[in-house]
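Worksheet: the structure to be examined is printed underneath.
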Amino acid sequence: MRPFMKLLIIGSGGREHALVWKLAQSPHATQMWCAPGNAGIQQEQTKKTENPVECVNIGAEDLPKLLAFAQEKKIDLTVVGPDNPLALGIVDLFQQNGLRIWGPNQKAAQFESSKVFSQRFMENYGIPTAKAGTFSVAGPAKAFAESLGGKCAVKADGLALGKGVLICASVAEANKAIDEILAGKAFGAAGAKIVIQEFLEGMEISLHALCDGKTAKLFPTSQDHKRARDGDRGLNTGGMGTYCPTPFLSETELAETGRKILEPFTRGCATEGIDFRGILYPGIMVTKTGPKVLEFNARFGDPETQVYLPRLENDLVELLDASVSGTLGKIEIRWSPLAAVCVVMASGGYPGNYPKGKPILGLTEADQLPNTKVFHAGTAMKDGEIVTNGGRVLGVTAWGKDLKTAQTAAYAAVEKICFEGAHFRRDIAAKGF
Ligand code: AMP
């Protein structure tokens with residue numbers, strides 16, 4: 001790899017702030033840009049050269065402008081955060097133009113961009129998953145849902161801003177969901193095909209594996225909190241908080257689960273000519289009959305990244321570079337023995353409508369606490385002041401010798417921060433005790 005690198009990070013959320021923060025610590029990073037970034041990202045600087053990270057006003061899906069920018073600045077490595085640019089083929093485009101970029105190409109990104117593709121792949125290569133069927137017409141779909149007693153998850157095939165999954169408890173609910181997605185086009189073209197999975201009960205966790213086309217290196221487990229309110233009540237959100245590690249798989253069980261997923265995954269990719277370089281992030285249900293894959297994502301989780309990266313002891317530039325080069329096999333990924341907790345502070349009204357532009361107070365005080373980092377998600381700089389600019393505003397993250405210490409520290413930091421209408425869950429990591 002090149003000893004010194006100019007980096008471009010694509011995206012603007014908490015995940016991207018965590019990536020920028022960790023990449024900036026690498027002695028390889030000399031100059032960094034983020035498109036479009038946020039107010040927190042723009043306060044970071046490269047550790048070695050003390051160059052401020054510059055945010056550039058280009059959207060994460062504006063591929064031609066991103067390419068032109070990377071060419072103009074002679075970027076050595078572009079790092080893609082969100083799923084959409086991957087599904088649009090940003091990696092293919094950059095590579096065709098001779099630029100190094102980290103993330104799966106369009107074909108490999110199908111693991112996230114098409115649930116039908118993923119489900120078929122899992123079945124073809126024996127990856128443990130829910131009993132499922134894929135459909136494009138309502139009749140057979142309804143018959144299959146009925147065979148499951150109506151207890152199922154009806155999923156739009158394509159990307160639907162994380163909202164394309166309807167959980168059903170009865171045949172009537174399932175029929176309604178099938179009609180809404182297939183005939184009613186609730187998710188537009190993303191719902192031209194659907195996957196129906198049996199409803200799985202158990203504990204849901206996230207796995208991540210860094211892949212380089214041949215090798216896949218598994219991370220520790222983490223757990224997201226999807227619902228807006230304490231006790232897993234309220235509406236589904238992008239994720240209200242995470243912690244890492246979780247107690248739901250022992251070291252041995254994790255290794256076994258990783259093997260059961262990643263071996264067939266790697267074999268299947270080789271058979272189908274899929275060159276997967278990036279993060280494979282399976283959503284897992286730990287059921288009574290073992291862990292099963294609910295879905296695959298093809299990028300870092302948000303807010304999982306916020307609890308993984310504070311524990312990562314490797315140089316992230318070196319890891320991502322090895323993932324691009326196909327040399328991960330030579331690297332051991334090392335994790336600190338600490339636990340990490342991230343509490344998301346959201347705008348009033350989120351996940352529904354919410355106002356923007358509310359001044360955020362207490363950020364400096366919170367960031368000064370030991371073993372704490374406030375990752376920004378929906379924030380912006382307005383007249384020299386940091387204001388809210390999205391639904392999920394901050395990912396207040398802390399780490400410590402165990403989960404309790406990390407949780408106490410994260411909430412101590414949350415207490416320092418206020419903005420009008422702020423809400424957050426008070427039970428992040430509680431399931432881990
Ligand atoms: P997905 O985007 O496929 O992960 O689905 C979104 C959420 O729906 C997951 O995080 C689960 O909480 C839930 N879910 C998805 N599939 C199932 C299933 N087969 N059984 C139970 N819950 C599910």
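Computed from heavy atoms alone, side chains included, the values below leave out hydrogens, waters and symmetry copies. Every number for a ligand or one of its atoms is a count from 1 in the order of the listing.
- Of the charged side-chain nitrogens involved, at least one lies within less than 4.0 Å of a carboxylate oxygen, so that Lys176 and Glu180 count as a salt-bridged pair.
- At the shortest separation from atom 13 (C) of ligand 1 among protein heavy atoms lies Ile167 CD1, 3.7 Å.
- Close contacts between ligand 1 and Phe199 involve ligand atoms 20 (N), 21 (C), 22 (N) [criterion: under 4.0 Å to a heavy atom].
- Residue, atom and distance of the protein heavy atom nearest to atom 20 (N) of ligand 1 are Leu200 N, 2.8 Å.
- Using a 4.0 Å cut-off between charged side-chain N and carboxylate O, Lys416 and Asp367 make no salt bridge.
- Given atom 2 (O) of ligand 1, the protein heavy atom at minimum distance is Glu295 OE1, 2.9 Å.
- Between Lys226 and ligand 1, not a single N/O pair is under 3.5 Å apart.
- Protein heavy atom closest to atom 16 (N) of ligand 1, with residue, atom name and distance, is Lys155 NZ, 3.0 Å.
- Between Val80 and Ile101 there is a side-chain heavy-atom pair separated by less than 4.5 Å.
- Residues Tyr281 and Phe296 place their aromatic rings such that the two centres sit no closer than 6.0 Å.
- Residues Ile10 and Pro85 approach most closely at CG2-CG, 4.4 Å, considering heavy atoms.
- Residue Val165 places no N or O, backbone or side chain, under 3.5 Å from any N or O of ligand 1.
- The environment of NZ in Lys22 is crowded: more than 12 heavy-atom neighbours from other residues, nucleotides or ligands sit within 6.0 Å.
- Residue Lys115 is tested with Leu294, Thr134, Val195 for a side-chain contact (heavy atoms from CB on, under 4.5 Å); the sole match is Val195.
- Between Phe265 and Phe111, the gap from one ring centroid to the other is short of 6.0 Å.
- With hydrogens left out, the protein atom closest to atom 18 (C) of ligand 1 is Leu294 CD2, 3.6 Å, a heavy atom.
- Every atom of ligand 1 is numbered from 1 in the order shown, and the set under 4.0 Å from a heavy atom of Gln197 is 16 (N), 17 (C), 18 (C), 19 (N).
- Looking at Lys115 against ligand 1, only its side chain comes within 4.0 Å, counting heavy atoms.
- Closest protein heavy atom to atom 10 (O) of ligand 1: Glu204 OE2, 2.4 Å.
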